[in-house]
Amino acid sequence: MAVILEGASHTFGEYLLVPGYSSKNCIPANVSLKTPLAKYTKGSKPPLTLNIPLTSAIMQSVSDDKMAVSLATEGGLSFIFGSQTPEKQAAMVASVKSNKSGFVTSDSNISPDDTLEKVLDILDRTGHSTMAVTEDGTLNTKLVGLVTSRDYRVSKMDKSAKVRNFMTPFDELVVGTDDISLSAANDIIWDYKINQLPIIDKLQRLKYFVFRKDYAAHKENKLELLDKEKRYLVGAGINSRDYAERVPLLVEAGADILCIDSSEGYSEWQADTIAWIRKKYGETVKVGAGNVVDGEGFRYLADSGADFVKVGIGGGAICITREQKGIGRGQASAVMDVCRERDLYFEETGVYIPVCSDGGIVHDYHMTLALAMGADFMMLGRYFARFDESPTNKMFYRGKYVKEYWGEGSNRARNWARYDLGDTKTDALKFEEGVDSYVPYAGSLKENVGKSLLKVTSTMCNCGALSLPELREKAKLTLVSQTSITEGGAHDVILKDMDNNG
């Protein structure tokens with residue numbers, strides 16, 4: 001008969017943390033959330049580190065280049081979705097890597113022959129009041145001028161007026177060269193009392209803008225996740241089918257780390273994919289693998305050479321794999337089992353392989369539970385899909401603002417490579433393993449991530465921990481009954497916002 005694992009399969013919502021001793025030094029401002037992203041050997045430093053333990057899911061409705069820049073600014077990392085052509089995915093990666101901290105790539109460009117009407121249209125569409133004027137309206141030709149809101153008066157000008165007649169011409173601009181540092185660029189902005197500094201290359205092509213308004217923001221973003229060249233770090237999802245074509249393009253585009261995106265990772269297909277990457281690139285290209293839900297699956301991917309292992313099957317908000325196929329495991333049980341095996345593997349081999357918890361996060365406090373149970377970082381889909389920075393549409397639905405959110409296993413995504421088992425050449429999903437849905441709109445990423453992580457660091461202080469390794473060491477967990485879950489919320493009172501007479 002089948003092997004039956006001992007104990008029930010538990011979710012994060014079935015656990016609470018028990019407070020531990022906290023010293024006066026244990027305050028949120030003193031907590032570090034730094035965590036390894038890729039494997040390393042005992043006594044050495046991780047080759048890649050996250051400043052916050054959050055990554056965004058490999059999903060069409062979550063992780064594009066805009067999300068990647070926004071999350072890296074806060075200290076996390078996005079994995080650009082792979083259910084698109086390799087060329088389009090590589091272009092998104094390249095777009096992220098073209099952004100230096102404090103240096104902004106211009107995406108509102110016009111030509112001298114464009115009209116004021118087009119300027120106003122771009123302003124209305126993007127909110128960008130500064131527009132680069134290039135010879136043909138793209139970034140590939142010379143910068144010939146600049147248009148800002150100070151260059152025109154709508155009430156006094158005809159909308160058919162040509163840009164060349166009201167722009168600030170190049171010879172009147174203050175510019176910087178592309179070897180300038182951010183500090184030097186900001187000095188020029190302050191010295192010349194200008195709002196923006198165009199950065200050009202030797203051929204006078206616009207490379208970046210540095211804006212006065214971004215100076216304060218840059219000072220605030222002390223956790224920005226940057227490479228040695230001050231560019232944002234970015235990941236990319238791959239599959240176990242077209243990796244020979246996709247991986248070289250992603251590596252060339254500058255992807256810092258890859259992740260095999262699959263609904264179930266305990267598979268020879270994943271081992272073959274990692275082996276191909278190791279043969280071609282050695283250890284220089286980092287690649288995560290998964291998903292698995294037990295120690296046996298972790299051990300297989302670790303032995304195959306994975307740089308991190310992703311845990312979770314069926315726990316995502318839009319995932320219906322458990323319902324459709326009857327496979328999976330409660331996320332809390334899966335994370336704890338895999339992390340026990342990770343620690344054992346580290347003791348045996350001296351190689352530490354980070355664990356990523358993927359799915360099952362419903363409330364912010366579940367993040368702290370996942371970390372206390374051993375996860376090095378988390379991958380979140382629904383959480384990030386709610387923000388302005390996600391690539392989906394904001395809509396008004398049933399009296400509330402929402403954003404669209406769909407699973408990679410849904411008919412909408414049609415991500416066959418994530419779910420097929422190698423016996424088909426067609427892109428038609430035989431049955432759905434994900435749904436198409438809406439999530440409540442939540443506003444900006446920066447504001448929400450800040451609030452969520454403040455809850456995490458506050459709880460860590462309640463446990464007497466100032467780092468994630470210390471949290472894992474000191475955390476005490478208790479299972480809760482349904483009655484105690486009810487007790488944990490507001491009860492036996494009439495809430496004011498629900499009282500029609502209040």
Side-chain angles (χ1 to χ4, degrees), residues 64-70 72 80 84-152 157 159-180 182 185 188-189 194-214 229-232 234 236 249-250 252-255 389 391:
D64 64 355
D65 45 352
K66 182 179 179 182
M67 174 62 73
V69 170
S70 299
I80 303 293
Q84 56 180 322
T85 66
E87 293 78 12
K88 288 182 178 179
Q89 187 185 22
M92 284 191 179
V93 169
S95 173
V96 178
K97 299 307 288 186
S98 71
N99 284 268
K100 286 187 175 182
S101 175
F103 291 81
V104 179
T105 303
S106 175
D107 56 5
S108 295
N109 309 297
I110 52 178
S111 77
D113 292 322
D114 284 325
T115 63
L116 176 59
E117 183 175 20
K118 183 171 182 179
V119 170
L120 297 175
D121 177 63
I122 293 174
L123 175 64
D124 181 61
R125 210 161 19 88
T126 67
H128 299 161
S129 59
T130 298
M131 300 172 204
V133 185
T134 64
E135 287 180 331
D136 65 358
T138 74
L139 283 175
N140 299 319
T141 54
K142 283 186 177 181
L143 178 69
V144 297
L146 208 62
V147 168
T148 71
S149 57
R150 295 183 301 179
D151 291 312
Y152 56 85
M157 294 172 59
K159 289 185 179 180
S160 63
K162 296 287 187 182
V163 167
R164 67 172 68 254
N165 295 324
F166 61 87
M167 71 181 187
T168 301
F170 180 82
D171 57 11
E172 295 180 18
L173 296 175
V174 178
V175 299
T177 56
D178 57 2
D179 59 351
I180 195 172
L182 181 60
I188 292 174
I189 287 174
I194 54 180
N195 290 323
Q196 64 283 311
L197 180 70
I199 308 297
I200 59 172
D201 65 12
K202 294 178 181 179
L203 299 177
Q204 200 177 306
R205 294 176 300 192
L206 179 67
K207 301 298 292 181
Y208 310 104
F209 277 117
V210 177
F211 290 98
R212 174 188 288 264
K213 64 181 177 62
D214 289 340
E229 298 177 39
K230 303 298 184 183
R231 303 174 303 175
Y232 293 114
V234 62
L249 292 178
L250 295 173
E252 184 180 356
E389 294 79 3

Audit row: Q196, V104, side-chain contact (heavy atoms from CB on, under 4.5 Å) steps and yes/no: CA-CA 10 Å; Q196 64 283 311; V104 179; over 6 Å; no

Chi angles and distances behind the side-chain contact (heavy atoms from CB on, under 4.5 Å) call for V163, V147: CA-CA 8 Å; V163 167; V147 168; 3.8 Å; yes

Trace of the side-chain contact (heavy atoms from CB on, under 4.5 Å) decision for D114 with V119: CA-CA 8 Å; D114 284 325; V119 170; 5.9 Å; no

From CA spacing to verdict: side-chain contact (heavy atoms from CB on, under 4.5 Å), F209, L197: CA-CA 6 Å; F209 277 117; L197 180 70; over 6 Å; no

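The pair D113-K162 does not count as a salt bridge, with every side-chain nitrogen at least 4.0 angstrom from each carboxylate oxygen.
Taken from CG in L203 to CG in N140, the straight-line distance is 11.5 Å, to the nearest 0.5 Å. Distance check: F103 CZ to K207 NZ gives 12.0 Å after rounding to the nearest 0.5 Å. Atom CG of L123 sits about 5.0 Å away from atom CE of M131, to the nearest 0.5 Å. Of the inter-residue distances, the one linking L182 atom CG with K230 atom NZ reads 9.5 Å to the nearest 0.5 angstrom. Separating the CG atom in L206 from the OG1 atom in T141 is a distance of 10.0 Å, to the nearest 0.5 Å. Considering NE2 of H128 and OG of S106, their distance stands at 8.5 Å, rounded to 0.5 Å.
For Y232, there are no ring pair (Phe, Tyr, Trp, His ring centres under 6.0 Å) partners two or more places apart in sequence or in a different chain.
A donor-acceptor pair is defined here as one N or O able to donate and one able to accept, closer than 3.5 Å; no such pair exists between the side chain of S70 and the backbone of E389. Formation of a donor-acceptor pair under 3.5 Å by the Q204 side chain with backbone atoms of L143 is found in this model. Panel note: side chain Q89, backbone L250; no donor-acceptor pair is recorded below 3.5 Å.
For the pair L146 and A132, the tightest heavy-atom approach, listed with the atom from each and the gap, is CD1-CA, 4.0 Å. Of all heavy-atom pairs spanning V133 and S111, the tightest one is CG1-C, 3.8 Å. The shortest non-hydrogen separation linking A185 to V210 is CB-CG2, 4.0 Å. G137 approaches N109 most closely through the heavy-atom pair O-CB, 3.4 Å.
Heavy atoms of other residues, nucleotides or ligands lying less than 6.0 angstrom from CD of E252 number 12 at most. Heavy-atom neighbours of R150 CZ from other residues, nucleotides or ligands within 6.0 Å: at or below the threshold of 12.
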Identify every side-chain donor-acceptor pair in residues 167-180 under 3.5 Å, counting partners at least two apart or on other chains, and give the distances.
{"unit_1": "T168", "atom_1": "OG1", "unit_2": "D151", "atom_2": "OD1", "d": "2.9"}
{"unit_1": "T177", "atom_1": "OG1", "unit_2": "D179", "atom_2": "OD1", "d": "2.5"}

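Side-chain contact between R125 and I122: present, with at least one pair of heavy atoms (C-beta onward) separated by less than 4.5 Å. Counting heavy atoms from C-beta on, the side chains of K159 and T115 never come closer than 4.5 Å. Side-chain contact between N195 and T130: absent, with no pair of heavy atoms (C-beta onward) separated by less than 4.5 Å.
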